[in-house]
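Here is the structure we will look at, set down as structure tokens.
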Amino acid sequence: PILPRHIWITTLGVAAVVPILWTMIGLLNSDLHSGDAPLGLLKTFLFFSIVLVLISEEIDLISYINKVSVILALVTIAMAVMNLVSPELFLGVSLFIADKGNGVISPSRNLFGLGIGELYYGACPIMIFPFSYYCDQTSQNGIRKFSSALMCSLFGVALLLSGARADILATLSIALIFTMRYVRRVSGWVPALTVGAIVVILAAVTVIPNFADKQEGSNAVKLKHISSYNEEFGSKPAVLLSGEGANSAFYSEGFEMWTTVTEVTYLELVRVFGLPMTILFGAGLLWIGYHLFANGLFSIGLAYFAFLGIAGTNPLLVGSTGFLVIAAMYERAVRYPDPLLPPHAHFRLWGPALPNRLRL
């Protein structure tokens, strides 16, 4: 009785109706190449049903996610130090993590030339939320400015050490936006735009060419995935309308085998659900982001869009972690705007700092 009707409709639609329908489509299209988890999609989407509890009990799930992220940051940095101090111990821990399937640790990836490699855990992208929050706090004057800067550095370093290109680009972009926002507040538009232009030019000359190298292993695999998706859609036009359903497989040149999931998330959504449902799902994600900004939650909204960008390059969005984040963001989006916000404060991205309701 506490929840309005549109909350129930959204929750039941996302958590039950959609996964049930496309699980049935997947079962009808099932063949010997299908995966071994026919109800996996249904179990994943059910995570969204937690919004009923979050909204009715006014639980700020994102604050809990931010607190847990501290453990991820400390573990990531500890692994980097371990790799430099004791390679033997690092190898043992790497094999353990690989065996459990909790992440990817690859000493061969060397994006910054430090010889640290890739230290990527499955939930690493959620660190973008506390990083954005503490960037916002650091850019403002206050008695906790030093502690905020310390926490901002902790999460920033951990995200950079993860070795994932999408995470690194999201981290650098958020840091640049808050830097420009601070310069704009202190010195005006011209210095802020100058700083932004200089950073973008330097990134275009140094970072982007390295990250966009088509010969790099991960990039080459993703490009082959995209080519295979084009072939799949070309040979089966009906897939664009209704999708192939949950647990369905297609042959990808990226893996050189049949697979039920790739790292090209948004094309995978089209293959599984079809173009109309993917557009509807994407519109829902954008609606959440709109209302986060409209409610004055600038740092959360910025991190949310960064998370969506990161999720586009790995199978994170349609998973337990992805749906917990979406549920947390939906709860904040449908919550009434903060009464402390000034009138017509929507999208004041470059104005004076707005109160942030996020509490840690």
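Start at 1 with the first residue, then count along the sequence.
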How close do [X] and [Y] get, counting heavy atoms only, and between which atoms?
{"X": "M277", "Y": "W22", "answer": "CE-CH2, 3.6 Å"}
{"X": "C124", "Y": "L159", "answer": "O-CD2, 3.8 Å"}
{"X": "P19", "Y": "G13", "answer": "CD-O, 4.2 Å"}
{"X": "F293", "Y": "L302", "answer": "CZ-N, 3.6 Å"}
{"X": "A249", "Y": "T260", "answer": "CB-CG2, 3.9 Å"}
{"X": "I65", "Y": "A328", "answer": "CD1-CB, 4.4 Å"}

For K222, give me all partners under salt bridge (charged side-chain N to carboxylate O under 4.0 Å, His left out), at least two apart in sequence or on another chain.
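K222 satisfies salt bridge (charged side-chain N to carboxylate O under 4.0 Å, His left out) with E263 only.
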Can you list everything that forms a salt bridge (charged side-chain N to carboxylate O under 4.0 Å, His left out) with E331? Sequence neighbours excluded, please.
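Result, salt bridge (charged side-chain N to carboxylate O under 4.0 Å, His left out) vs E331: R335.
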Is any side-chain heavy atom of [Y] closer than 4.5 Å to one of [X]?
{"X": "K224", "Y": "F255", "answer": "no"}
{"X": "D136", "Y": "F178", "answer": "yes"}
{"X": "I326", "Y": "L285", "answer": "yes"}
{"X": "V70", "Y": "M151", "answer": "yes"}
{"X": "I77", "Y": "L154", "answer": "yes"}
{"X": "M329", "Y": "F307", "answer": "no"}
{"X": "I128", "Y": "F155", "answer": "no"}
{"X": "S132", "Y": "I300", "answer": "no"}

On the six-membered ring of F298, is R181 placed so that its NZ or CZ lies under 6.0 angstrom from the centre and within 45° of the ring axis?
yes
Does [X] share a hydrophobic cluster with [Y], counting links as ILVMFWY side-chain heavy atoms below 4.5 Å and allowing steps through other members?
{"X": "V261", "Y": "L308", "value": "no"}
{"X": "F273", "Y": "L27", "value": "no"}
{"X": "L317", "Y": "L280", "value": "yes"}
{"X": "V18", "Y": "L286", "value": "yes"}
{"X": "V68", "Y": "F323", "value": "no"}

Evaluate H291 against L297 for side-chain contact (heavy atoms from CB on, under 4.5 Å), listing each step before the verdict.
CA-CA 9 Å; H291 282 274; L297 304 173; over 6 Å; no
Let me have the donor-acceptor pairs involving side chains of residues 38-54, under 3.5 Å, with sequence neighbours excluded, atom names and distances please.
from, atom 1, to, atom 2, distance (Å)
T44, OG1, G40, O, 3.0
S49, OG, L46, O, 2.6

Are the side chain of [X] and the backbone of [Y] linked by a donor-acceptor contact shorter than 3.5 Å?
{"X": "S187", "Y": "R184", "value": "no"}
{"X": "T76", "Y": "A158", "value": "no"}
{"X": "T11", "Y": "W8", "value": "no"}
{"X": "S228", "Y": "E253", "value": "yes"}

side-chain contact (heavy atoms from CB on, under 4.5 Å) between V199 and L172: does it pass, once the steps are laid out?
CA-CA 10 Å; V199 173; L172 297 177; over 6 Å; no
Distance (rounded to the nearest 0.5 Å) between [X] [atom1] and [Y] [atom2]:
{"X": "L161", "Y": "D167", "atom1": "CG", "atom2": "CG", "value": "11.5 Å"}
{"X": "K236", "Y": "N29", "atom1": "NZ", "atom2": "CG", "value": "8.0 Å"}
{"X": "M257", "Y": "H33", "atom1": "CE", "atom2": "NE2", "value": "10.5 Å"}
{"X": "Y64", "Y": "L324", "atom1": "OH", "atom2": "CG", "value": "14.0 Å"}
{"X": "T138", "Y": "Y133", "atom1": "OG1", "atom2": "OH", "value": "10.0 Å"}
{"X": "I62", "Y": "R332", "atom1": "CD1", "atom2": "CZ", "value": "8.5 Å"}

Share the residues that join V239 in a hydrophobic cluster, the rule being Ile, Leu, Val, Met, Phe, Trp or Tyr side chains under 4.5 Å apart at the heavy-atom level.
I226, Y229, F233, L240, F250, V264, L267, V270, L275, I279
Not counting sequence neighbours, list each pair that qualifies as a salt bridge (Lys or Arg N to Asp or Glu O under 4.0 Å) and has a residue in residues 270-284.
E244-R271, E268-R271
Give a yes or no on whether D36 atom CG has more than 12 heavy-atom contacts from other residues, nucleotides or ligands under 6.0 Å away.
no
All side-chain contact (heavy atoms from CB on, under 4.5 Å) counterparts of E256, not counting sequence neighbours:
Y251
